[in-house]
2 protein chains.
Amino acid sequence: MDLTTAEENYLKAIYHLSDGGKKSVATNDIAAEMKNKPASVSDMLRKLGEKEVIEYRKYYGLQMTESGKRFALQTIRKHRLWEVFLVEKLNFAWDEVHEVAEQLEHINSALLIQRLDSYLNYPKFDPHGDPIPDEFGDVRARPRVHLNEMEINQTGQIVAVKDSSAAFLRYLDKVGAYIGARIKVLDKVEFDGSLEILVDQKKTLFMSKDVAGNILVQQS
Amino acid sequence: MDLTTAEENYLKAIYHLSDGGKKSVATNDIAAEMKNKPASVSDMLRKLGEKEVIEYRKYYGLQMTESGKRFALQTIRKHRLWEVFLVEKLNFAWDEVHEVAEQLEHINSALLIQRLDSYLNYPKFDPHGDPIPDEFGDVRARPRVHLNEMEINQTGQIVAVKDSSAAFLRYLDKVGAYIGARIKVLDKVEFDGSLEILVDQKKTLFMSKDVAGNILVQQS
DNA sequence: ATTTATTTTTAGCTATATCTAAAATAATTT
DNA sequence: AAATTATTTTAGATATAGCTAAAAATAAAT
Ligand SMILES: [Mn+2]
Ligand SMILES: [Mn+2]
Ligand SMILES: [Mn+2]
Ligand SMILES: [Mn+2]
């Protein structure tokens, strides 16, 4: 069975919103994520139900099927492999890759992805620190905490960002934060939850609770 | 103005069938090339006419506009650059690339193509020996030689015949040579100038100097 | 338990891109 | 010149994927 580009995009959105197929997802939330209208989502859910990639009971929400999760992970795998390609081989900045990967992820060729994976040396994480599922859909996730939840003097390494909008990524670039940076929490302001962070043992920066909430850290 | 994937594919087909926009093209021939029906072509021609990438007078044929030629060359450029990428970087065989390039050529990102071109070291020809238009649509046409003038081990693609009599064409058909065939000169006989030719990397055939003198090859 | 508000679905419309069958036009043959 | 054949276009379907507006179902508030 084959999925259309639109169906692949919906499945990917549902996969993310449902936390890997665990939770049910609201029609309105899918519409917001996809930037289209709830009526369009309802119609698509009916179609995805017919293709048995979700189990859909109208008005009562949906569950991803095993088949649906596999499809979603396959698309996510392709998206992230292309992101690695764009950054590592074509010198894209990490905030320039998303739009293009959003298109490339729909190219349909098993051989292509196999060869791309090999060419990139079987990377395990994309430029935003997100794990790349293997060809069977298995993901090696590393435990992460949100930076705003860390305590004073705790240390770790930035491994991912929740918001990968160009604006946010450019901001991080500007202040000198990046995936892989070693950080230490120097201070937390009680009043607004903002933090003072030491980056790579040399640069100090201040960030709001909001910003820190979008940064994921692997503690050490 | 933006073109859909279908429109890009039609323009590309028209460009090739019209010999670079020089000749008019028949609806039936476009349908054959695109593997769809003449009725579908008529409808698309109307749409392409409205977008002014062709000048279309119904029942009387079409002419590509300058704008149309630019669009076609842009798509051809992308197709051929991706083919080079697949062969040079991902180790695809030259006969495995077409289907994938047919998809990749529709990815829409000026930066991507710019970077890809640079990454591949600004190649001038694709793996099939076809020239890659530059970003302005300029093509460096490869000079043609008569097959009887080629040296041992040289390779190329049959692009034309000087003698287009039925007899000659029937002969070419019979021995398995055709416009577009990739050939390699395996041997040349000093005595009479006859040649041993490898066609499409599989079939060997012998031909006289006379016959070879009527075949034009684009070297690669 | 009603009423009100929110969420979700359906109905009906638009646009793209294909198809088949029929009609219109052009080209060829008699 | 008329008839026949071939080519091309139009008319009317179907499928995908979006929309708005209205209806239906569920959830929340009084
Ligand atoms: Mn996408
Ligand atoms: Mn990513
Ligand atoms: Mn194509
Ligand atoms: Mn080619």
Side-chain angles (χ1 to χ4, degrees), chain A residues 1-15 17-18 23-64 68 71-72 75 99 102-103 105-108, chain B residues 1-15 17-18 23-64 68 71-72 75 99 102-103 105-108:
Chain A
M1 200 249 313
D2 262 13
L3 299 178
T4 66
T5 292
E7 287 168 344
E8 285 182 350
N9 283 333
Y10 271 95
L11 267 192
K12 198 155 61 86
I14 292 168
Y15 185 85
L17 291 169
S18 68
K23 301 185 294 191
S24 183
V25 191
T27 299
N28 269 338
D29 292 345
I30 299 171
E33 175 82 8
M34 307 279 300
K35 288 170 184 164
N36 56 17
K37 303 291 155 162
S40 309
V41 174
S42 282
D43 206 48
M44 181 56 90
L45 293 183
R46 186 184 49 70
K47 285 189 270 184
L48 293 176
E50 278 165 14
K51 291 202 171 184
E52 296 184 327
V53 290
I54 64 171
E55 205 181 299
Y56 174 51
R57 289 170 52 226
K58 46 190 195 181
Y59 292 108
Y60 275 89
L62 62 95
Q63 276 288 120
M64 296 192 84
F71 275 116
T75 305
E99 198 189 350
E102 205 56 49
Q103 299 178 58
E105 71 189 0
H106 305 291
I107 302 290
N108 185 7
Chain B
M1 202 249 312
D2 262 13
L3 299 178
T4 65
T5 292
E7 288 167 343
E8 285 182 349
N9 284 333
Y10 270 96
L11 268 191
K12 200 156 60 84
I14 292 168
Y15 184 86
L17 291 170
S18 69
K23 301 186 295 191
S24 183
V25 191
T27 301
N28 269 340
D29 292 345
I30 299 171
E33 174 83 9
M34 306 279 301
K35 287 170 184 165
N36 55 20
K37 303 291 155 161
S40 310
V41 174
S42 281
D43 205 50
M44 181 55 90
L45 293 183
R46 187 185 48 70
K47 284 190 269 183
L48 293 176
E50 279 166 12
K51 291 202 172 186
E52 295 183 329
V53 290
I54 64 172
E55 206 181 298
Y56 174 51
R57 290 171 50 227
K58 46 189 196 183
Y59 290 109
Y60 276 88
L62 62 93
Q63 275 289 119
M64 297 193 82
F71 276 115
T75 305
E99 198 188 352
E102 206 54 49
Q103 298 178 59
E105 71 190 0
H106 305 290
I107 301 291
N108 184 6

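Every chain is numbered from 1, with letters handed out A, B, ... down the list of sequences. What's counted below: heavy atoms across the whole structure, side chains too, no hydrogens, waters or symmetry copies.
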request  = Measure across P38(B) and N28(B) and return the closest heavy-atom pair with its distance rounded to 0.1 Å.
outcome  = CG-OD1, 3.2 Å

request  = Over all heavy atoms of both residues, which pair between T27(A) and S42(A) is shortest? Give the atoms and the distance, please.
outcome  = CG2-OG, 4.1 Å

ask   = Atom NZ of K51(A) and atom C1' of dA17(D): how far apart are they, to the nearest Å?
value = 13 Å

note = E99(B) meets the side chain to side chain donor-acceptor pair (under 3.5 Å) criterion, sequence neighbours left out, with none

request  = Could you check how far OH of Y60(A) sits from C1' of dA27(D), rounded to whole Å?
outcome  = 11 Å

ask   = When the distance from CD of E7(A) to C1' of dT16(D) is rounded to whole Å, what number comes out?
value = 9 Å

message = I'd like to check the salt bridge (Lys or Arg N to Asp or Glu O under 4.0 Å) partners of K51(B); sequence neighbours left out, ordered by chain and number.
response = E7(B)

inquiry  = Is the shortest side-chain heavy-atom distance between I14(A) and E33(A) below 4.5 Å?
reply    = no

note = Footprint ends on DNA chain C, 5' to 3', for atoms under 4.0 angstrom from a heavy atom of chain A, come out as dT7(C) to dT10(C)

inquiry  = For DNA chain D, which residues of residues 33-44 of chain A approach it to below 4.0 angstrom with any heavy atom?
reply    = N36(A), K37(A), A39(A), S40(A), M44(A)

key: Protein-nucleotide distance (L48(B), atom CG; dT9(D), atom C1'), rounded to Å   = 15 Å

query = 5'-most contact on DNA chain D: Y59(A) or T5(A), nearest heavy atom basis?
reply = T5(A)

ask   = Any side-chain heavy-atom pair from T75(B) and N9(B) closer than 4.5 angstrom?
value = no

message = I'd like to check I30(B) versus L62(B) (side-chain heavy atoms, cut-off strictly below 4.5 Å). Are they in contact?
response = yes

note = Those residues at least two apart in sequence (or on a different chain) that pass side chain to side chain donor-acceptor pair (under 3.5 Å) with R57(B) are none

request  = Starting at atom NE2 of H106(A), determine the distance to atom P of dT16(D), rounded to an integer number of angstrom.
outcome  = 18 Å

inquiry  = Tell me whether the side-chain N/O atoms of Y56(B) come closer than 4.0 Å to OP1 or OP2 in dT8(D).
reply    = no

key: Nearest-Å distance for atom pair CD1/P, residues I30(A) and dG18(D)   = 13 Å

message = Please enumerate all residues that pass salt bridge (Lys or Arg N to Asp or Glu O under 4.0 Å) together with D29(A), with sequence neighbours excluded.
response = none

note = Contacts of A6(B) and G61(A) projected onto DNA chain C by closest heavy atom; the upstream (5') one is G61(A)

key: K58(A) vs dT26(D): side-chain N/O to OP1/OP2 distance below 4.0 Å   = no

